[in-house]
Amino acid sequence: MSTVALNKAEPVAGTVPGAGRGPSRPRRIALVPTLTLLLGALYCLLPVAWVVVASTKSGNELFSTFTFWPGTGLSENLADLNAYRDGVYWKWMGNSALYAGLGALLSTCVSAVSGYALAVYRFRGRETLFNVLLAGVLMPPVILAVPQYLLLAQADLTDSYLSVLLPQILSPYGVYLARIYAAASVPSDVVEAGRMDGAGEWRIFTRVALPMMLPGLVTVFLFQFVAIWNNFLLPYIMLSDDEKFPITLGLHTLLEQGANTPALYTLVITGAFLAVFPLVALFLVIQRFWSLDLLSGAVKS
């Protein structure tokens, strides 16, 4: 009887023990999120593909050829866009770079100081202040645009570069991210050690805490840059001089004129195509810096 039991327990030659016993259902279920992600990527990339293809078409080809069939008018569209009103498109592009670059940098600095203070210091009303900031995260920008216009109108700052820059400096979402990252990356023991060594609070923040917070602050900068670059409502309310328009508002004016001049549609599409390149380049550069910074931080720790 024991010999028979041992023979039943031995695996058959050429097979792996336990093979074929487990269900294959988890492997099949794993295909569902993959297909969902692929469909989501297709949904997001399809408009981008249309813009890329449409920017290569001339005015006649835009409405007469297949949607995703490339055209032959890319060089002509670029030349017309460059010549339109003596290159006002590049003026709009420079304005967007100014608003987004300087605004994101100032917003990141304010978020870093505010987030660090909320994470490290203990003071009365800290949680109440943080909850107010969270309420600001949930507040739609449409609600704040008109009060901001009225405040800046009282200060006689409307239709100026400052009217677009100043409201963008304080980002509740940026402060929230900076506080969460500071609380996770800056140990209280390190701050106390700096104080015991005689370092001031500002020196501890700039020399000790800021390098630890840098990967999170890069993320804050990226989010704020993209938000300001794509912002349309605030410049639309604040500005009337088209020489100060960002790229979003400038392309909108071209689109409105396209109702009477259909040839401008190709300029709008080509301009939208070119406006994507700064965001893609910034994301690639910051992503590389972000990955290297996280890796170096992990090695140092």
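All residue numbers in this chain count up from 1 along the given sequence. All heavy atoms count here, side chains included; hydrogens, waters and symmetry mates do not.
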[X] (side chain) donor-acceptor with [Y] (main chain) under 3.5 angstrom:
X: Asn231; Y: Ala227; result: no
X: Asn95; Y: Phe245; result: yes
X: Asp197; Y: Ala199; result: no
X: Ser96; Y: Met93; result: no

Just how far is it from atom [atom1] of [X] to atom [atom2] of [Y], taken to the nearest 0.5 Å?
X: Leu133; Y: Tyr173; atom1: CG; atom2: OH; value: 14.0 Å
X: Ser111; Y: Leu106; atom1: OG; atom2: CG; value: 10.5 Å
X: Leu279; Y: Leu222; atom1: CG; atom2: CG; value: 9.0 Å
X: Leu282; Y: Phe277; atom1: CG; atom2: CZ; value: 14.5 Å
X: Gln257; Y: Leu267; atom1: CD; atom2: CG; value: 10.0 Å
X: Tyr176; Y: Ile180; atom1: OH; atom2: CD1; value: 4.5 Å

**OP:** Report the C-alpha distance between Ile204 and Val120 in whole Å, list the side-chain angles of each, state the deciding distance to 0.1 Å, and finish with yes or no for side chain to side chain contact (heavy atoms under 4.5 Å, CB included).
**Re:** CA-CA 11 Å; Ile204 294 174; Val120 173; over 6 Å; no

Hydrophobic cluster membership, with links at side-chain heavy-atom distances under 4.5 Å among I/L/V/M/F/W/Y: are [X] and [Y] in one?
X: Leu166; Y: Leu150; result: yes
X: Val132; Y: Val113; result: no
X: Phe66; Y: Ile269; result: yes
X: Leu45; Y: Leu37; result: no
X: Leu134; Y: Leu138; result: no

Report yes if some heavy atom in the side chain of [X] is under 4.5 Å from a heavy atom in the side chain of [Y]; otherwise report no.
X: Pro278; Y: Trp229; result: yes
X: Leu74; Y: Ser55; result: yes
X: Ser58; Y: Thr266; result: no
X: Val220; Y: Tyr181; result: no
X: Val191; Y: Val186; result: yes
X: Thr56; Y: Asn77; result: no
X: Leu118; Y: Val175; result: yes

Do other residues, nucleotides or ligands put more than 12 heavy atoms under 6.0 Å from the [atom1] atom of [X]?
X: Phe232; atom1: CZ; value: yes
X: Asp86; atom1: CG; value: no
X: Tyr161; atom1: OH; value: yes

Original post:
Who are the side-chain hydrogen bond (donor to acceptor under 3.5 Å, both in side chains) partners of Thr108, not counting sequence neighbours?
Top reply: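 Once residues adjacent in sequence are excluded, Thr108 has no partner under the side-chain hydrogen bond (donor to acceptor under 3.5 Å, both in side chains) criterion.
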
Subject >> side-chain hydrogen bond (donor to acceptor under 3.5 Å, both in side chains) involving Thr36 - partner list, sequence neighbours excluded >> reply: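 None.
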
**OP:** Determine, step by step, whether Gln168 and Ser107 satisfy the side chain to side chain donor-acceptor pair (under 3.5 Å) criterion, reporting the C-alpha distance in whole Å, the side-chain angles of both residues, the deciding distance to 0.1 Å, and the verdict.
**Re:** CA-CA 7 Å; Gln168 309 281 359; Ser107 178; over 6 Å; no

Subject >> Contacts of type side chain to side chain contact (heavy atoms under 4.5 Å, CB included), residue Ser163, not counting sequence neighbours >> reply: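 Ser163: side chain to side chain contact (heavy atoms under 4.5 Å, CB included) contacts with Leu152, Ser160, Met238, Leu239.
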
Original post:
Given the rule in the side chain to side chain contact (heavy atoms under 4.5 Å, CB included) test, do Leu78 and Thr270 qualify, once you have shown the distances and angles that lead to the verdict?
Top reply: CA-CA 7 Å; Leu78 292 175; Thr270 307; 3.7 Å; yes

Subject >> Steps toward side chain to side chain contact (heavy atoms under 4.5 Å, CB included) verdict (Val190, Met212) >> reply: CA-CA 11 Å; Val190 175; Met212 296 179 178; 4.0 Å; yes

Original post:
Cluster partners of Met139, using ILVMFWY side-chain heavy atoms under 4.5 angstrom, listed by chain and number?
Top reply: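 Noted: Met139 shares its cluster with Ile143, Leu144.
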
**OP:** Using salt bridge (Lys or Arg N to Asp or Glu O under 4.0 Å) as the criterion, list what pairs up with Glu192, not counting sequence neighbours.
**Re:**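 Once residues adjacent in sequence are excluded, the partners of Glu192 under the salt bridge (Lys or Arg N to Asp or Glu O under 4.0 Å) criterion are Arg195.
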
Original post:
Can you name the salt bridge (Lys or Arg N to Asp or Glu O under 4.0 Å) partners of Asp242, sequence neighbours left out?
Top reply: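 Per chain and number, Asp242 pairs via salt bridge (Lys or Arg N to Asp or Glu O under 4.0 Å) with Arg85.
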
Contact summary for [X] and [Y], nearest pair of heavy atoms:
X: Leu233; Y: Ala145; answer: CD2-CB, 4.0 Å
X: Ala104; Y: Ile228; answer: N-CD1, 3.7 Å
X: Gly103; Y: Leu165; answer: N-CD2, 3.8 Å

Subject >> Pair Leu274-Leu81, side chain to side chain contact (heavy atoms under 4.5 Å, CB included): steps then yes or no >> reply: CA-CA 10 Å; Leu274 294 179; Leu81 183 64; 3.8 Å; yes

Subject >> Pairs flagged by side chain to side chain donor-acceptor pair (under 3.5 Å) wherever residues 122-145 is involved - sequence neighbours left out >> reply: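 Sorted result for residues 122-145: Glu127-Arg179.
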
**OP:** Not counting sequence neighbours, list each pair that qualifies as a salt bridge (Lys or Arg N to Asp or Glu O under 4.0 Å) and has a residue in residues 145-167.
**Re:**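 Residue pairs passing salt bridge (Lys or Arg N to Asp or Glu O under 4.0 Å), neighbours aside: none found.
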
Original post:
What residues form a ring pair (Phe, Tyr, Trp, His ring centres under 6.0 Å) with Tyr43, not counting sequence neighbours?
Top reply: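 Partners of Tyr43 under the ring pair (Phe, Tyr, Trp, His ring centres under 6.0 Å) test: none.
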
**OP:** Return the set of residues passing ring pair (Phe, Tyr, Trp, His ring centres under 6.0 Å) with Phe205 (not counting sequence neighbours), or none when no residue passes.
**Re:**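 For Phe205, the residues satisfying ring pair (Phe, Tyr, Trp, His ring centres under 6.0 Å) (neighbours in sequence not counted) are Tyr116, Trp202.
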
**OP:** Enumerate the residue pairs fulfilling ring-ring contact (aromatic ring centres under 6.0 Å, His included) with a member in residues 132-160, sequence neighbours excluded, ordered by first and then second residue.
**Re:**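 Counting only pairs at least two positions apart or across chains, no ring-ring contact (aromatic ring centres under 6.0 Å, His included) contact touches residues 132-160.
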
Subject >> Residue pairs, two or more places apart or on separate chains, that pass ring-ring contact (aromatic ring centres under 6.0 Å, His included) and touch residues 67-92 >> reply: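 As it turns out, there is no ring-ring contact (aromatic ring centres under 6.0 Å, His included) pair with a partner in residues 67-92 once direct neighbours are skipped.
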
